[in-house]
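Input: a single structure, listed below in structure tokens.
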There are 2 protein chains.
Amino acid sequence: MPSDGATRTQGAPQTGRRSTTVNPRAAHLAMALHCVAEQSGEISRAGISAATGLNRSTACSLIEELIDGGLVREVRDTGTTTRVKAGRPGTGLGLRDDGPAGLGIDVNVDYTAVCVVDLTGKVRYKHVVSEDQRGQGTREVLDRIARLARGAQNAAEDDGLILCGSAVAVPGIVDRRGATVTLAPNLGWHDLDVAEVLPADVHGERATLDNEANFAALSEQDLIRDGASYLYVSGQIGVGSGIVLDGRLYRGAHGWSGEIGHLTIDRDGPECPCGRRGCLERYAGHEAILRAAGVTAGAGTMLGVRPTAELIAGRAAAGDPATLAALARAGQVLGFALAGCLNLLDVGTIVLGGIYRDLAPWIGPEVEREVRAAFLGARWAQPEVRAAAYGAEAPALGAARSVVRDVINDPMRWLAR
Amino acid sequence: MPSDGATRTQGAPQTGRRSTTVNPRAAHLAMALHCVAEQSGEISRAGISAATGLNRSTACSLIEELIDGGLVREVRDTGTTTRVKAGRPGTGLGLRDDGPAGLGIDVNVDYTAVCVVDLTGKVRYKHVVSEDQRGQGTREVLDRIARLARGAQNAAEDDGLILCGSAVAVPGIVDRRGATVTLAPNLGWHDLDVAEVLPADVHGERATLDNEANFAALSEQDLIRDGASYLYVSGQIGVGSGIVLDGRLYRGAHGWSGEIGHLTIDRDGPECPCGRRGCLERYAGHEAILRAAGVTAGAGTMLGVRPTAELIAGRAAAGDPATLAALARAGQVLGFALAGCLNLLDVGTIVLGGIYRDLAPWIGPEVEREVRAAFLGARWAQPEVRAAAYGAEAPALGAARSVVRDVINDPMRWLAR
DNA sequence: GAGCGTATGTTGTGCCCAGCAACAAATAGA
DNA sequence: TCTATTTGTTGCTGGGCACAACATACGCTC
């Protein structure tokens, strides 16, 4: 007998049950929850069985676990749907709107926004603080974020929700793991761990970070994973984009994907702060549009991005010739650049976000014309160009949704909390 | 008693065991096979257990199944590795080179190539027929493909291999499912089902189709899935590319991704058959290089792509000033275009394939300079520009490898044959 | 309204398969 | 030769899914 207790000859014991490798139960729970989310309130256990191919008894067991975990509930008052088929009617299943919720935070140059989204994708809390953070210290800004996060948490709890994670959108570059801010020039941040300042009880796990264009892109994606590919173009101070390919956000080898603002339009064009000439931003950035529309540069730089877009949109709606010409020109150049992206990526849809959303009535047709003229596949499939569903709130909303999506895609992590 | 036999109240019976949904056994078999492939001959059952986190008994069971299925074998003569540790030495496991193999076919304008690759990634058979197919009928070309495929199959069987699938690379556009050729202008094909002409006993399943640039891109990828992202640029008659993101080929919403040949370099540049002006192909396509180097256009059009590249490379190696200037110019323009792609996609590596591979000594440095000057992330990470490992054989090789990769990624499909 | 057909939700059973522990086997070192 | 150590193998256990049978709840018909 070498020592007391059992002789350990098998190496380190596995933690729990096959959590390190493949977990079919987790996958099945996710499948069932997806079905419920897709047709919330209109699907029964038997329907899930049919949709997933799992046995009815298995579907029943999965649903029981999801109900016990507070993610799903039976909805009995489905009086709206008239029964036509014979047989025992199924009990409708729907997502709970008093379960886990995601916290999204958008830190920008002149405002900070937070929002809370529940399982069904509904926005349950929203708060925006407009304040120029350029003159302030990093500590000060981080403290404000933490304060806003706590406020959102309190509001969510009062509403019966449980925050299960948080995500922060920043105007800058984030490392590939989504852990630290590599560089956010307009905030004066570099190599900053934003997640650590968020109160620990808000998230349980560390907050996820990403570029605001990436999170804004996710705000356009349905909560249920579909495999669509699209390019979300975000007009802000610069021009950025978020790339969603086959339903997944593509962040790039270093997390720097989507930098289209400095695509060269004309090698002999105007100089750009990046050191080169004729970059897209110099034609279709908000400042370029302002200047072309005849708004004085001095006023433009003091205005935030949002009011600028509204101002331009107002002038365009009033029929101001200079503004209309400026927007047409910006749309042409933007469309020219996007056509190249489209030939490379072959995404089916281009979504105009940021200031381009408000300006879409004037920019959109120009973009569409350019894109259709230059897209090589245009003979067989017309790419769609459309305005984003959300404006300034898109990054915060997308961030919050990404948290919720994580729960829907892997409910077992929530159940095992 | 309603009828004879058991009353079916559970809907359609499941086929086998959870094959329709999540199959952990299949995933574990793939994990084990991946481990064997990564360190063929140098890993034991215990090593697989350690690498995967699965229990040693489970690893043992998985390996037994893989050995019985003819994918893995024990290698006993590992006399090279000197044992240093105490304890019973493990029996080495390696991929069998007499098991399943993949057939790759490359149909091009002036040649057709087939190759057979075994599980270890080794090329076991290769055959190229040079013949200009432009004047020939579709039926004629398809018959030649079928004949070449049968020849490859016979050779493979004589070599102890079992073809388990085939893939066909075509110079054109393929539908998203990889089932039919939408358009291959140089072959005069459209909406053609190439797979159906291949003898049924060659593949068991239908052959997979894809663009030659896509398959060529896959020839650069290691057989073991790593998550690398790179852009494979293929210089042929036109300029195409294959995009590999996070280890997966991205084919686009319609399967048309990677069309960089018509990115606009100069809106006032020379006319292009595509109807626009100043496309990349007009500067860096093989014909443009020929013309700039002073080779007469008449001779150039009659030459195949491959001899052209060798001719140019020969002149460059001999120090011909016109040729060197032409290549430098082509490299600059190509690098300029690729820098834009890099800012959009943030792939870590650019691979120069097709004719660019042979011309890489002269084009590569120019491309690298342009890319580093224009890539926004260049301050933090230098993108790598390198020549492809394979030249003309890349598409056929990549196609064959894709078949083998499918087996390695899902060995259960092979085992259940 | 009773009976029948039909679809749903639930429960017990068997089986696959991964983890666990013990054991036989094979080596290095004392 | 003996011991320590690592490997490969073999019963055993338990989770979880398919399967089948049953209870339940409706529409439809007479």
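So that the names make sense, note that chain A is the first sequence line, chain B the second, and so on, each numbered from 1. Given the structure is predicted, the values throughout are model-derived calculations rather than measurements.
Partners of A:D410 under the salt bridge (Lys or Arg N to Asp or Glu O under 4.0 Å) rule, at least two apart in sequence or in another chain, do not exist in this structure. By the salt bridge (Lys or Arg N to Asp or Glu O under 4.0 Å) test, A:R88 is found to be paired with no residue, residues two or more places apart in sequence or in another chain being considered. Taking the side chain to side chain donor-acceptor pair (under 3.5 Å) definition, one finds that B:R45 meets it with B:E74, B:T91, sequence neighbours left out. Scored by the salt bridge (Lys or Arg N to Asp or Glu O under 4.0 Å) test, A:R124 finds A:D118, A:D159 as partners (sequence neighbours excluded). A:A27 is linked by a side chain to side chain contact (heavy atoms under 4.5 Å, CB included) to B:V22, counting only residues two or more places apart in sequence or in another chain. Scored by the side chain to side chain contact (heavy atoms under 4.5 Å, CB included) test, B:V116 finds B:A101, B:L103, B:Y125, B:A152, B:A156, B:L161, B:L163 as partners (sequence neighbours excluded). Residues meeting the salt bridge (Lys or Arg N to Asp or Glu O under 4.0 Å) test with A:D406, sequence neighbours left out: none.
Which of D:dC19, D:dG8, C:dA18 sits closest to the side chain of B:S44 comes down to D:dG8. Looking at the side chain of A:R56, the nearest of the listed nucleotides D:dG16, C:dT8, D:dA18 is C:dT8.
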Distances under 3.5 Å only, N/O to N/O: pair up the protein atoms with those of nucleotides 4-7 of chain C.
residue, atom, partner, partner atom, Å
C:dT6, O2, A:G87, N, 3.4
C:dA7, N3, A:R88, N, 3.2

Using nucleotides 1-3 of chain D, report all nitrogen or oxygen pairs with the protein that are shorter than 3.5 Å.
none

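Rounded to whole angstrom, the span from the CD1 atom of B:I48 across to the P atom of D:dT9 amounts to 12 Å.
Nearest-nucleotide assignment on DNA chain D puts the 5′-proximal partner with B:T91, out of A:A26 and B:T91.
The shortest side-chain heavy-atom distance between B:P100 and B:L119 falls under the 4.5 Å cut-off.
Judged by distance alone, with hydrogens and angles left aside, A:S57 brings no side-chain donor or acceptor close enough to the base of D:dC17 to form a pair under 3.5 Å.
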